[in-house]
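Inspection log for the structure reproduced underneath, given as structure tokens.
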Amino acid sequence: MTPEFAFLAAVLISLQLQLHFADALGSASTVAVAYGTATVCGITAGKQGQRIQCYRGHQVISVLPHVSFEAISGGQRFFCGLRTGGFSLHCWETDAGFQPKRVYHSTAFPLTDLAVGDAQVCAREVISGRARCWRGTERDGSLFPSPDAALQFQTVTSGSGFSCGILKKNRTILCWGSNGIGSKIQSQFGNLSMTSLVAGESHVCGLTASSGVLICKGNNNAGQLEVPIKSAHEYIDLALGASFTCATRQKNGAVSCWGGGAEELNIQNNINFNDSFELITAGSDMLCGLKTSNLIIMCWSKANKNSPVVLPLGMIIPGQCVQDPCSSCGIYPNSAFLCDGSGNICKSCQRELPIAVPLPKKPESQSIPGSSSPTRARNRLTLAFLIVGAVGVLAGACTILFCISNCLALCSSSNTADNLELKTIPQALMENYSGRSFSLMELAAATSNFSSENKIGGGSFGVVYKGELSDGTEVAIKRGENNEKSEDPQEKQDAFTSELAALLRLNHKHLVGMVGYCQENDERILVYEYMPNGSLHDHLHNRAHTNEDGLLLNTWKMRIKIALDAARGIEYLHNYAVPPIIHRDIKSSNILLDGNFTARVSDFGFSLMRQPDISTETTVGGTIGYIDPEYYVSRISTSKSDVYGLGIVLLELLTGKKAVFRDSGSRSPVTLVEFAVARIGGGELWDVVDKTVRTPEMKEVEAVEIVAYTAMHCVSLEGEERPNITDIVGNLEKAFALCNGDLCENL
Ligand SMILES: *[C@@H]1O[C@H](CO)[C@@H](O)[C@H](O)[C@H]1NC(C)=O
Ligand SMILES: *[C@@H]1O[C@H](CO)[C@@H](O)[C@H](O)[C@H]1NC(C)=O
Ligand SMILES: *[C@@H]1O[C@H](CO)[C@@H](O)[C@H](O)[C@H]1NC(C)=O
């Protein structure tokens, strides 16, 4: 057993004994505490994609479904999470196997500000500002009430048997729930206008709008309302328990607590005031915080007065990953790393000094001296950030490439603190990345001088070759055809520049990654990861050439998985790439399968940068059979053109037919849309599906129907009627879950 592991084991054992009772109260966060079952949960950072992990007893529990969440909040023996986008709300009973239960789902009215009280679950509709509550029981046995639907809120928070919110109109406080605490608190706030609000068991604190001073109202039986420093902008984040209040100081992120409960927790004597926290969250007699230096959860509990406990949940995101340039207050450091490429975390506007993990000017040392002190893990993390940050400035996107494929595997998928080791950064990999600009000689050597035997296909410009670099890495090399008579050299140059710029920014597991490029003399060459399992088009339509007997695509589960993977790649391009990217040539031959048969979208030759909400005018684009009919008329590609292309791919997966094919009954070619859409709409789906796929099981029937209806909508004539990519991903996730046999009831 390594010393670190022994340390960790000791922590786990003490945690097991000492987490008895915790009641999470308050507002949406990325850390939640559930009362009665000693459970603390967090939304994981990095490669795991904002999933929820909980710590309970000796165990780290990976909470299903494995999809991304933006916020969680805990209550009595349960906690809830809001899925990314706010379209569904799930809750889990922590003493009943963590089975997910969906409380809310709507693609029309997304939610935000999830606030779980002791038993009620409240949230705010993004569009209307209306506050809604579920579950919970009042003393008369009725469900917990929601406020008047006409009232618009800026934020909501939940305590024990009451919830409160800040009204949008005049920023005053309104509370509801029938146990009397809420109305008392509301009247104590009176006409005061507030900018933030967090509830404890029977008290509420917030910052005033006029001066940013922290004030507390409600039950003061243990001095929990006695804010020690009454100056403006002293505090930012708040965590309230049964009889204590904690707040982080704006200037340094240090935690300060008051009220009788804080003394019982012995927080004052047990906290390093030099430690900065990104956020804090409280249970009725417990406080947890996310340490700035390593984004690991640390908790103080009543039974554990001697020292705080470090939870083995790995890195937790310090805020929601959003698709937003964060123009108001900037992007949280290392956001791309923490959100694993799907968005940014915006910095808090209130915080002067985020004390982000320090980034010294250059990495001075690659090794860390041996030491078994608990601060070691922190140093390693700092080093990880240091290398991402410092080298990132020099090498740009390639460092992120390096990091996603290497660092994350080491540090962020960890369940335990000792997995956080990053002491040896492979020097060879670093060198690889600084050498991503290839020479023509190297690439000629890799492809036997661009021989026709190595040719594996064509792209939106030039020819694609299979190559082997001197270190043995297999790559796909796309070479611009500058030797040939080119119809429009300028167009090719533009395609190259646009693809290069786009690719350098992209990093996603469902996109084919770029390894490097060569821009020597007139040569324009891009080097990609090699996808050993070919294209979806070949698997579907040229089975003879793919040297496999159709086994791969003979289940609906696999077909739906491929559709979902591809949709996620496109979703990344549309919603998370900065600036957003329209692919403009989505087709089955641009959906490639990697070594694990994970589908990845390739070929960004037509991609142009576009400003959000501004369509791109184009002069060329698309492949017969896949082109958006609106594009013929308008010559404008929009994100809905990609949706149309994906719709055709879905129809190919369903029917096994090409986008344009010769039907036995007709002489002229038939498009897949003509062939399939009316029949699917007319209830004849099962007449047009590919008969080579194994007969679907019960659940799969529904899954295939979901895919079919999604495909139909994707190929609507008018772009406006087509779903957006996020809705498509949602549908395909649902279909895939049905096939997968897990969570059918709950998703
Ligand atoms: C609160 O505002 C209302 C209407 O603006 C006013 O009538 C009332 O006197 C105010 N109450 C206090 C305590 O300031
Ligand atoms: C704020 O708005 C609420 C809801 O319309 C209203 O009841 C309250 O009196 C207003 N307060 C002030 C100070 O205007
Ligand atoms: C906090 O920082 C100060 C100054 O850097 C240092 O002297 C002190 O020892 C630190 N305290 C702890 C508990 O680490």
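Just follow the structure's listing: the first ligand is 1, and inside any ligand the first atom is 1. All heavy atoms count here, side chains included; hydrogens, waters and symmetry mates do not.
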Legend entry - Test of ring centre spacing under 6.0 Å for W134 and F144: no
Inset, instruction - Enumerate the atoms of ligand 2 whose separation from the nearest heavy atom of K169 is less than 4.0 angstrom. - result: 2 (O), 4 (C), 5 (O)
Inset, instruction - Using the ring of F98 (Phe, Tyr or Trp, six-membered ring only), decide whether R56 places NZ or CZ under 6.0 Å from its centre and within 45 degrees of its axis. - result: no
Inset, instruction - Can you label the angle between the Y235 ring and the W258 ring as parallel, tilted or perpendicular, going by 30° and 60°? - result: tilted
Inset, instruction - Taking atom CZ of F87 as the centre, report whether more than 12 heavy atoms of other residues, nucleotides or ligands fall under 6.0 Å from it. - result: yes
Inset, instruction - Considering the heavy atoms of L167, write down every atom of ligand 2 situated less than 4.0 Å from one of them. - result: 2 (O), 3 (C), 4 (C)
Legend entry - Selection from D148, L151, I173, N191 by shortest heavy-atom distance to atom 13 (C) of ligand 2: N191
Legend entry - Part of L174 within contact of ligand 2 (heavy atoms, under 4.0 Å): neither
Inset, instruction - For H713, look at atom NE2 and say whether over 12 heavy atoms of other residues, nucleotides or ligands are found less than 6.0 Å away. - result: no
Legend entry - Heteroatom proximity flag, N170 to ligand 2, N/O under 3.5 Å: yes
